[in-house]
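What follows is a set of notes on a single structure, which appears directly below.
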There are 2 protein chains.
Amino acid sequence: MAQIKDVAKRAEVSVASVSRVLAGHTGVTEATRQRVLEAIEALDYRPDLAARRLRSRRTDTIGLIVSDIRNPFFTEVSRAVEDMAYQNRMRVILCNTDEDPDKEGFYLDLMRDENVSGVILSPTLPALARFRMSDYSFPVVLVDRCDRETTADAVVLDNADSAYRLITYLIKQGYRRIAFIHGAASATGRQRHEGYVTAMATHGLETQAQAVPATVEAARAAASELIRESSLPDALVGSNGLILLGLVKALREANLQFPEHLGLAGFDDLPWTQLVGPGITVMAQPTYDIGQATIELLLQRIAHPSQPVRRVVLRGELRERGSSVRQKGSAN
Amino acid sequence: MAQIKDVAKRAEVSVASVSRVLAGHTGVTEATRQRVLEAIEALDYRPDLAARRLRSRRTDTIGLIVSDIRNPFFTEVSRAVEDMAYQNRMRVILCNTDEDPDKEGFYLDLMRDENVSGVILSPTLPALARFRMSDYSFPVVLVDRCDRETTADAVVLDNADSAYRLITYLIKQGYRRIAFIHGAASATGRQRHEGYVTAMATHGLETQAQAVPATVEAARAAASELIRESSLPDALVGSNGLILLGLVKALREANLQFPEHLGLAGFDDLPWTQLVGPGITVMAQPTYDIGQATIELLLQRIAHPSQPVRRVVLRGELRERGSSVRQKGSAN
DNA sequence: ACAATAGTTGTAATCGTTTACTTTTTATCT
DNA sequence: AGATAAAAAGTAAACGATTACAACTATTGT
């Protein structure tokens, strides 16, 4: 394996000059630059990253810590992050916390060990609550989850507003007894719940909300319970794609059709939402944009460590489909 | 930031001893071990990975190069890989090729630069065709895609057999004019096509297959075309989850119901397959197992570089659902 | 009690770059 | 042409660990 000194020898320059052309266009004459490039080419030289990182104390690596890669929202976000990262000659280390604060802590420690240039994090609730930028030796940008009090760069959906709009839309459709199933473990679930409560209160309606672990199975179980009760709700709303999936499963098991027996709506426009039944009304998130905005924020923060804290809030988009068409002459 | 010599000083030992206890249980007395551990604890010392990697020439990093992270199959595989990797104190660098051989080449070069301990790759067709283990300075384990000629560790589904079984099942159900839409760019699509052809030939039936880029949109377009033709097939089969999704979309657009107007089946048991219409019959892949088997193979290969090449073939599982129930008195 | 041996510990070289500092070359101005 | 400034190139010291090798200590057998 060729080393920098081999290149230097062949190009008849010093290693410093080689390093300089490697680094970019700093103070070397075009002639030597060419000679060096040619030597690099000829020897198929590739700099040793470990050595470079040791000496320069930079890794050009970013950590991406998501709470559940199986959630298509995060899949799409990570895709965007990777695309942009590699375009900016950065590497990405991907980690999955499964909403487990311990794992999250482990990975954050790992990031410190790796001496990453920065981290993108979708924090668990406890991590968010105690989040201090100064606790980390690297820049952190939050994605998807952030609350009012947190001082940190972040990219999020307008969760409360989106939920408010979705619920208000359902109310306008004629639904009254709207039940809301939301993720218990995330700030996002809470904020969407908040929007739900506000919307219901504005229209003088009683709320019927339930927090569950953000998994398909938990949502399915909770919905089954709800449905079994004597007083069936008008409509069911899930606070994210996984939960919505659980709701659909529960309805199917109970042999309930939407919108015939109940209205249905949720968050996240997943591939299947337009295919089941008459299509499901959802609040769509601009997932790729969210990912892109996040890494841009991080790259800027890395470049300018002391720039003011920024928060990017993207707007959800309502996609009306058949699942929320109120049935004429519906009983309750 | 504390360094190893600070630890050595505090524990009143040499840096070599500290390094030894860090490395494991080699030739240090329990007493000094304790002193060192205590010092490490007290100083909150964490070894510098860049320095370690430079000197030891090992990175404990594996590269995971998948062709499309948005395909739930690969999402699940990567989850398994990560779980296992971190349990074995390895890091994972995730890369997406989008089926683009150029990107793939770029990432493989990157892996070389990173001096990874090993790589898990789902190769594009051209990469597979010219694959030579000896072209790489690191062990490579293939996942999902591999053909008979390739000499490499690999974990794959029994693609041809699974397809054969799925098609045979449909034939037994009474379907005759079975159209097969498969991914053009992957070995997997080809092999499943092969199984389809064999099954049809065995029963003296004519084939009607079409290769498309493995995207939802391409599959949708191809299926729309097929449907528009005068002679409608009996049944449609998609060679993977993305393609199956495209088929469902096309049928919906054309207002065709399954199984009433056509039978439908495919590969990959995605979250939504049991929810659309009467549920879709699929050949399910043991995705998590595939991921797990893959990284296990890689870790073993890393530990024993010259062990014989191994191939793990996992069996697909047929999940019969409503979409493939032949209708009595169906016209053609 | 002494030699041989096995087991611990320490010293210093090494991994392959980047970069501070010094020296040389080139360009500019009078 | 000579003095001065600016630019380019070179030398060698880091970066922070691992590890070959040397040195020292304790154990064992006779």
Side-chain angles (χ1 to χ4, degrees), chain A residues 1-40 43-61 89 91 110 112-117 137-138, chain B residues 1-40 43-61 89 91 110 112-117 137-138:
Chain A
M1 201 59 182
Q3 312 196 151
I4 201 172
K5 63 183 169 201
D6 302 320
V7 175
K9 201 165 292 171
R10 188 178 223 275
E12 298 176 298
V13 298
S14 72
V15 292
S17 295
V18 177
S19 183
R20 283 182 193 114
V21 343
L22 249 31
H25 36 285
T26 359
V28 297
T29 214
E30 185 57 24
T32 62
R33 209 180 97 85
Q34 285 309 327
R35 293 231 305 290
V36 167
L37 288 177
E38 191 193 293
I40 287 175
L43 298 174
D44 188 28
Y45 165 75
R46 328 222 55 176
D48 184 290
L49 293 180
R52 168 177 290 178
R53 287 171 180 159
L54 171 57
R55 176 58 229 230
S56 71
R57 308 273 65 199
R58 302 180 317 107
T59 57
D60 294 337
T61 298
R89 39 182 52 88
R91 325 263 120 94
L110 188 79
R112 175 184 143 184
D113 290 353
E114 288 284 349
N115 190 21
V116 293
S117 304
S137 55
F138 42 77
Chain B
M1 202 60 181
Q3 312 194 150
I4 200 173
K5 62 183 170 202
D6 302 320
V7 175
K9 199 164 292 171
R10 189 178 221 274
E12 297 177 300
V13 297
S14 71
V15 291
S17 294
V18 177
S19 183
R20 283 183 193 112
V21 343
L22 248 32
H25 37 285
T26 359
V28 297
T29 217
E30 185 57 25
T32 62
R33 209 180 98 84
Q34 285 309 328
R35 291 230 307 289
V36 168
L37 289 176
E38 190 192 296
I40 287 174
L43 298 174
D44 189 27
Y45 165 74
R46 327 222 54 174
D48 184 290
L49 293 180
R52 167 178 290 180
R53 285 170 181 159
L54 171 57
R55 175 60 230 234
S56 70
R57 307 275 65 198
R58 300 182 318 108
T59 57
D60 294 338
T61 298
R89 38 180 55 84
R91 324 264 119 94
L110 188 80
R112 176 184 142 183
D113 290 355
E114 288 284 349
N115 189 21
V116 293
S117 304
S137 55
F138 40 78

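Here is how names work: the chains are called A, B, and so on, in the same order as the sequence lines, proteins then strands, and each is numbered from 1.
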Note down the inter-axis angle between the two ends of the helix from C:dA1-D:dT30 to C:dT30-D:dA1, five pairs each, to the nearest 10°.
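It works out to 30° between the end axes.
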Quick one: do B:D44 and A:R112 satisfy salt bridge (Lys or Arg N to Asp or Glu O under 4.0 Å)? Show the steps, please.
CA-CA 12 Å; B:D44 189 27; A:R112 175 184 143 184; 3.2 Å; yes
Could you tell me the separation between the [atom1] atom of [X] and the [atom2] atom of [N], rounded to a whole number of Å?
| X | N | atom1 | atom2 | result |
| --- | --- | --- | --- | --- |
| A:R53 | C:dT19 | CZ | P | 15 Å |
| A:M1 | C:dT17 | CE | C1' | 13 Å |
| B:N115 | C:dT17 | CG | P | 12 Å |
| B:K9 | C:dT9 | NZ | P | 20 Å |
| A:L49 | C:dC15 | CG | C1' | 14 Å |
| A:L43 | C:dG16 | CG | C1' | 15 Å |

With a 4.0 Å cut-off on heavy atoms, is B:G27 in touch with a base, just the backbone sugar-phosphate, or nothing at all?
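It contacts base atoms.
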Can you confirm whether the side chains of A:Q34 and A:E30 place a donor and an acceptor under 3.5 Å from each other?
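The answer is yes; a qualifying pair exists.
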Note, A:R91 side chain near A:L49 side chain (heavy atom, < 4.5 Å):
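Yes - at least one pair of side-chain heavy atoms lies under 4.5 Å apart.
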Side chain [X], main chain [Y], donor-acceptor under 3.5 Å:
| X | Y | value |
| --- | --- | --- |
| B:R35 | B:A11 | yes |
| A:S117 | A:D60 | yes |
| B:S19 | B:V15 | no |

In a check of side-chain contact (heavy atoms from CB on, under 4.5 Å) between B:V18 and each of B:V28, B:D6, B:V7, B:T32, which one passes?
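Of all the options given, the one that passes is B:V7.
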Across nucleotides 14-25 of chain D, 5' to 3', mark each nucleotide with B, S or - according to how protein heavy atoms within less than 4.0 Å reach it.
BBBBBB-B----
Give, for atom CG of A:D48 and atom CZ of A:R55, the distance between the pair rounded to the nearest 0.5 Å.
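Answer for the CG-CZ pair, A:D48 versus A:R55, is 15.0 Å.
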